[in-house]
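Report on the following structure.
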Amino acid sequence: MSATVIDGKEVAAGVRERVAAEVVELTAELGRRPGLATVLVGDDPASAIYVRNKRSSSEEVGIRSIHHEPPGDISQAELLELVGSLNDAEDVDGILVQLPLPEQIDADAVVASLDPAKDVDGLTPTSAGLLARGEPGLVPCTPRGVMELLASAGVDPAGAEAVVLGRSNLVGRPLANLLLGANATVTICHSRTRDLAEVCRRAEILVAAAGRPGLVTAEMVRPGATVIDVGTNRTDDGLVGDVDFEAVREVAGAITPVPGGVGPMTIAMLLANTVQAARDRARSAAPAG
Ligand code: NAP
């Protein structure tokens, strides 16, 4: 029997609707719209498209987009100063510095300089540490989107065997922590994992985030498993994931397509994170009692 295909576009549209309703409430509460600052350094065409999409999606749900586009030869000190001014700006709730950054910039230092309360990408060491400790904080957008997709498909990770393919700070590690927080039994695989197929076959929830087209074959999937494909690979055949979709859908219980699965969730969760940051900042600023 063929797997249920999880429609990321539909789930993302639901998240945006929810966010738009929260923005209306928050705007009344704050006396201003929640604000998301984007910083695009230089003129990388792919980054420019990503940032444009993030800005227009923000405005669509009522979040104010505040944009900075410093030149590609900006110095480290100047960029840190810009981030510092956004950290201090009262009307900025979230800050997104689009990566990658030019060579002369130490990207880790720039990310680490973000106020964790405004870290809507969830990439600062503080955000990562809170997530690893199971404490509340801002969570990276793509992993948060994966959790939302699982919930939408009625998949409860509690007690389930979950296998995450990939250990990056952007996807694999935070996702493993989210699944652990949801009480799954989590295994993280990477390029040095021995007998990947055997480990993957244990998974009731299998998430592929390796950036390797065709890595997950039908033989690696436990019958009835939920398979989430984060991979985004540009090939001669167009955009493909890490999962052999046509073969795996005959074995899995539920599966995300590429495109149209995890992809649309990432921006939706950025908007959700911005609203969360605005709400949390407002609460922490409110006088106690
Ligand atoms: P990354 O930093 O390159 O990490 C890839 C991870 O996969 C690494 O941990 C690597 O292991 C592991 N890996 C690579 N080849 C493997 C293999 N043959 N077997 C087992 N593990 C293997 O990539 P990323 O930033 O996490 O992104 C992963 C994928 O998700 C990419 O295709 C990216 O484009 C996509 N992505 C999509 C979205 C979205 O919105 N849909 C967002 C972010 C990323 P080692 O650590 O041992 O090297």
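The shown structure was predicted, so the numbers you read here are calculated from the model rather than taken from an experiment. Keep in mind that the numbers below use all heavy atoms, side chains included, and drop hydrogens, waters and symmetry copies. Start at 1 and go down the list; that is how both ligands and their atoms are numbered. Positions are given from 1, in the same order as the sequence printed here.
- Using a 4.5 Å heavy-atom cutoff, the side chains of Arg55 and Glu60 are not in contact.
- Under the 4.0 angstrom criterion for non-hydrogen atoms, Gly231 is in contact with ligand 1.
- Protein heavy atom in closest approach to atom 7 (O) of ligand 1: Ala210 CA, 3.2 Å.
- When each atom of ligand 1 is checked for a heavy atom of Val171 under 4.0 Å away, the hits are 26 (O), 43 (C), 44 (C).
- For ligand 1 and Gly263, the ligand atoms under 4.0 Å from any heavy atom of the residue are 41 (N).
- Closest protein heavy atom to atom 28 (C) of ligand 1: Ala209 O, 3.4 Å.
- Taken together through direct or relayed side-chain contacts under 4.5 Å among Ile, Leu, Val, Met, Phe, Trp and Tyr, Tyr50 and Met269 form parts of separate hydrophobic clusters.
- Scanning both residues, His67 and Val51, for their nearest heavy atoms gives CE1-CG1, 3.5 Å.
- Nearest protein heavy-atom neighbour of atom 18 (N) of ligand 1: Leu215 CD1, 3.6 Å.
- In this structure, Glu29 does not pair ionically with Arg283, as no charged nitrogen and carboxylate oxygen lie closer than 4.0 Å.
- Less than 4.0 angstrom separates some heavy atom of Leu196 from each of these atoms of ligand 1: 19 (N).
- Under a 4.0 angstrom heavy-atom cut-off, Gly172 registers as lying outside contact with ligand 1.
- Between Thr266 and ligand 1, at least one N/O pair is under 3.5 Å apart.
- When hydrogens are left out, the protein atom nearest atom 42 (C) of ligand 1 is Thr142 OG1, 3.2 Å; that is the closest non-hydrogen contact.
- In this structure, atom 48 (O) of ligand 1 is in close contact with the protein, since a protein heavy atom lies within 4.0 Å of it.
- In this structure, Glu25 pairs ionically with Arg279, as a charged nitrogen and a carboxylate oxygen lie closer than 4.0 Å.
- The side-chain contact (heavy atoms from CB on, under 4.5 Å) test with Ile255 singles out one residue from Ile228, Val227, Val221, and that residue is Val227.
- Ligand 1 places these atoms under 4.0 Å from at least one heavy atom of Asn233: 32 (O).
- Of all the listed residues (Val146, Val258, Thr232), Thr232 holds the heavy atom that lies closest to atom 41 (N) of ligand 1.
- The closest protein non-hydrogen atom to atom 20 (C) of ligand 1 is His190 O, 3.2 Å.
- The residues Arg32 and Asp93 are annotated as salt-bridged, a charged nitrogen and a carboxylate oxygen being separated by less than 4.0 angstrom.
- The closest approach between any non-hydrogen atom of Thr193 and ligand 1 is not below 4.0 Å.
- Ligand 1 has an N or O atom lying under 3.5 Å from an N or O atom of Arg212, backbone or side chain.
- Among protein heavy atoms, atom 36 (N) of ligand 1 sits closest to Val230 O, 3.7 Å.
- Residues Met220 and Glu198 fail the side-chain proximity criterion, which asks for heavy atoms closer than 4.5 Å.
- The protein non-hydrogen atom at the shortest distance from atom 25 (O) of ligand 1 is Leu170 CD2, 3.7 Å.
- Across Gly94 and Val120, no two heavy atoms sit closer than the pair CA-CG1, 3.7 Å.
- Arg281 and Val92 get closest at one heavy-atom pair: NH1-O, 3.2 Å.
- Annotation: atom 24 (P) of ligand 1 to nearest protein heavy atom, Ser168 OG, 3.6 Å.
- Distance check: Leu138 CG to Asp121 CG gives 10.0 Å after rounding to the nearest 0.5 Å.
- With atom 10 (C) of ligand 1 as the reference point, the heavy atom nearest to it among Ser191, Ala208, Pro213, Gly261 is part of Ser191.
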For Ile6 and Ser152: C-alpha separation, side-chain torsions, deciding distance, then whether side-chain contact (heavy atoms from CB on, under 4.5 Å) applies. CA-CA 8 Å; Ile6 303 171; Ser152 78; 4.1 Å; yes

